[in-house]
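See structure below.
Just so it is clear, the structure is predicted and the values come from calculations on it, not from any experiment. All residue numbers in this chain count up from 1 along the given sequence.
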Amino acid sequence: MGSAGRRVLRAGLALGALALVLQGLRGWLASKRYEFTPAEIAQLARHHAGLDHELAFSKIIVELRKKHPGHILPDEDLQWVFVNAGGWMGSMCLLHASLTEYVLLFGTAVDTGGHSGRYWADISDTVISGTFRQWKEGTTRSEIYYPGDTIVHQAGEATSVQWSAGTWMVEYGRGFIPSTLAFALADTLFSTQDFVTLFYTLRVYAKGLLLEANAFFSTLGC
């Protein structure tokens, strides 16, 4: 077999191995038990929609801690962190994070918009205040969402997104969460080069993973 044939063989083996990994990952995600449900997070956010966003967020955090003790970051670890991605700029406050789920507060104090990104995760957002506009791929019209509305972004989808100033939301993601970091951090790495924000983002995600590890091992000790 020549060198060209060996390269083709190696490429074929690599693609086959990647397909097996993806299939195994898909099966794991479909069969595992999740701490939260999209409906639960949307209902909780909808209950507080229309309130001042800071008051709504404080109430939501309290209720999530009651329903999911040990799975929401403590107050000292809650931090609003800038997010630059897809040409837009917002801010997030991570409440929960694992390899397969996250819950966060998200929004912007200024008008902003851009590309949604494509993810290996399903993401749903429920609007607390302001307005969110979405233009779906393959369509020629956009849709606008108001407080109490929930927007679902399925894995693999891409849209154009736009937030008006003062739009704040509660977001839930389910899937292979580390895969979302590439998009979330791309503008930070290659455009803004705001490495302080990069550090804050990775640090709070690591804290979320450690909290979930502690919760997991505590159940084993029971």
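To the nearest 0.5 Å, atom CD of residue Q193 and atom CG of residue N84 are 12.0 Å apart. With values rounded to the nearest 0.5 angstrom, L44 atom CG is found 11.5 Å from K59 atom NZ. Rounded to the nearest 0.5 Å, atoms CD1 (I123) and CZ (R174) are 13.0 Å apart. The CD1 atom of I60 lies 8.5 Å from the CG atom of L51; values are rounded to the nearest 0.5 Å.
Under the 4.5 Å side-chain criterion, counting only non-hydrogen atoms from C-beta, V103 is in contact with I41. The shortest side-chain heavy-atom distance between L189 and L198 falls under the 4.5 Å cut-off. Here the side chains of W80 and L105 are in contact, with some heavy-atom distance below 4.5 Å. Counting only heavy atoms from C-beta outward, the side chains of V170 and I128 approach each other to under 4.5 Å. Under the 4.5 Å side-chain criterion, counting only non-hydrogen atoms from C-beta, L202 is in contact with L185. Side-chain contact between Q79 and R203: present, with at least one pair of heavy atoms (C-beta onward) separated by less than 4.5 Å. The shortest side-chain heavy-atom distance between S116 and E157 does not fall under the 4.5 Å cut-off. Looking at D149 and I144, their side chains never come closer than 4.5 Å, going by heavy atoms from C-beta outward.
V152 and L104 fall into different hydrophobic clusters, where Ile, Leu, Val, Met, Phe, Trp and Tyr are joined by side-chain heavy atoms under 4.5 Å apart, directly or via other members. Follow the hydrophobic side-chain contacts under 4.5 Å out from L181 and you reach L209 in the same cluster. When the side chains of ILVMFWY residues are joined at heavy-atom separations under 4.5 Å, either directly or via intervening members, M89 and F190 end up in two distinct hydrophobic clusters.
Under the side-chain contact (heavy atoms from CB on, under 4.5 Å) criterion, E212 pairs with H71, H96, S98, not counting sequence neighbours. When the salt bridge (charged side-chain N to carboxylate O under 4.0 Å, His left out) test is applied to R65, the partners found at least two apart in sequence or on another chain are D75. In terms of the side-chain contact (heavy atoms from CB on, under 4.5 Å) criterion, residue partners of E54 (sequence neighbours excluded) are, by chain and number, D52. Take D111 and apply the salt bridge (charged side-chain N to carboxylate O under 4.0 Å, His left out) test, not counting sequence neighbours, and it matches no residue. Partners of H47 by ring pair (Phe, Tyr, Trp, His ring centres under 6.0 Å), not counting sequence neighbours: none found. Scored by the ring pair (Phe, Tyr, Trp, His ring centres under 6.0 Å) test, F132 finds W163 as partners (sequence neighbours excluded). Here Y119 pairs with H153, F183 under the ring pair (Phe, Tyr, Trp, His ring centres under 6.0 Å) rule; sequence neighbours left out. Legend: residues meeting side-chain contact (heavy atoms from CB on, under 4.5 Å) with W135, ordered by chain and number and at least two apart, are T139, S142, S160. Residues passing the salt bridge (charged side-chain N to carboxylate O under 4.0 Å, His left out) test with R118 are E137, sequence neighbours excluded.
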Checklist entry - For Q162 and W88, what are the C-alpha separation, side-chain angles and deciding distance, and is it a side chain to side chain contact (heavy atoms under 4.5 Å, CB included)? => result CA-CA 8 Å; Q162 184 181 67; W88 49 262; over 6 Å; no

Item to check | Derivation and outcome, side chain to side chain contact (heavy atoms under 4.5 Å, CB included), residues H48 and E63 | outcome: CA-CA 11 Å; H48 298 291; E63 292 187 39; 2.8 Å; yes

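I177 and A121 get closest at one heavy-atom pair: CD1-CB, 4.4 Å. The two atoms that bring M169 and I151 nearest to each other are CE-CD1, 4.0 Å, heavy atoms only. In terms of heavy-atom proximity, S129 sits nearest to G166 at OG-O, 3.0 Å. Across all non-hydrogen atoms, the minimal contact from A49 to P147 is CB-C, 4.0 Å. The heavy-atom pair separating A109 from W168 by the smallest distance is N-CZ2, 4.0 Å. H115 and G117 make their closest contact through ND1-N, 2.7 Å (heavy atoms, listed as atom of the first residue, atom of the second, distance).
Of the possible donor and acceptor atoms, none in the side chain of W120 sits under 3.5 Å from a partner among the backbone N and O of A155. A donor-acceptor pair under 3.5 Å is formed between the side chain of S164 and the backbone N or O of T131. Of the possible polar contacts, none joining the S91 side chain to the G107 backbone as a donor-acceptor pair under 3.5 Å is found. With hydrogens and angles disregarded, no donor-acceptor distance shorter than 3.5 Å links the side chain of N214 to the backbone of L211. Not one N or O on the side chain of D187 forms a donor-acceptor pair closer than 3.5 Å with the backbone of T192. With E101 contributing its side chain and E35 its backbone, the two residues share a donor-acceptor pair below 3.5 Å.
Screening residues 191-213 for ring pair (Phe, Tyr, Trp, His ring centres under 6.0 Å), with sequence neighbours left out, gives no hits. Note on residues 119-128: no pairs pass salt bridge (Lys or Arg N to Asp or Glu O under 4.0 Å), not counting sequence neighbours.
In the hydrophobic clustering (ILVMFWY side chains linked at under 4.5 Å, chained through shared members), V110 stands by itself.
No more than 12 heavy atoms of other residues, nucleotides or ligands sit less than 6.0 Å from atom CZ of F82.
Ring-plane geometry between H68 and F36 is classed as tilted, the angle between the planes lying from 30 to 60 degrees on a 0 to 90 degree scale.
Defined by atom type and a distance below 3.5 Å, a donor-acceptor pair is present between the side-chain atoms of T150 and T126.
Each of D77, T201, V204 was evaluated against L94; a single residue qualifies, V204, per the side-chain contact (heavy atoms from CB on, under 4.5 Å) test.
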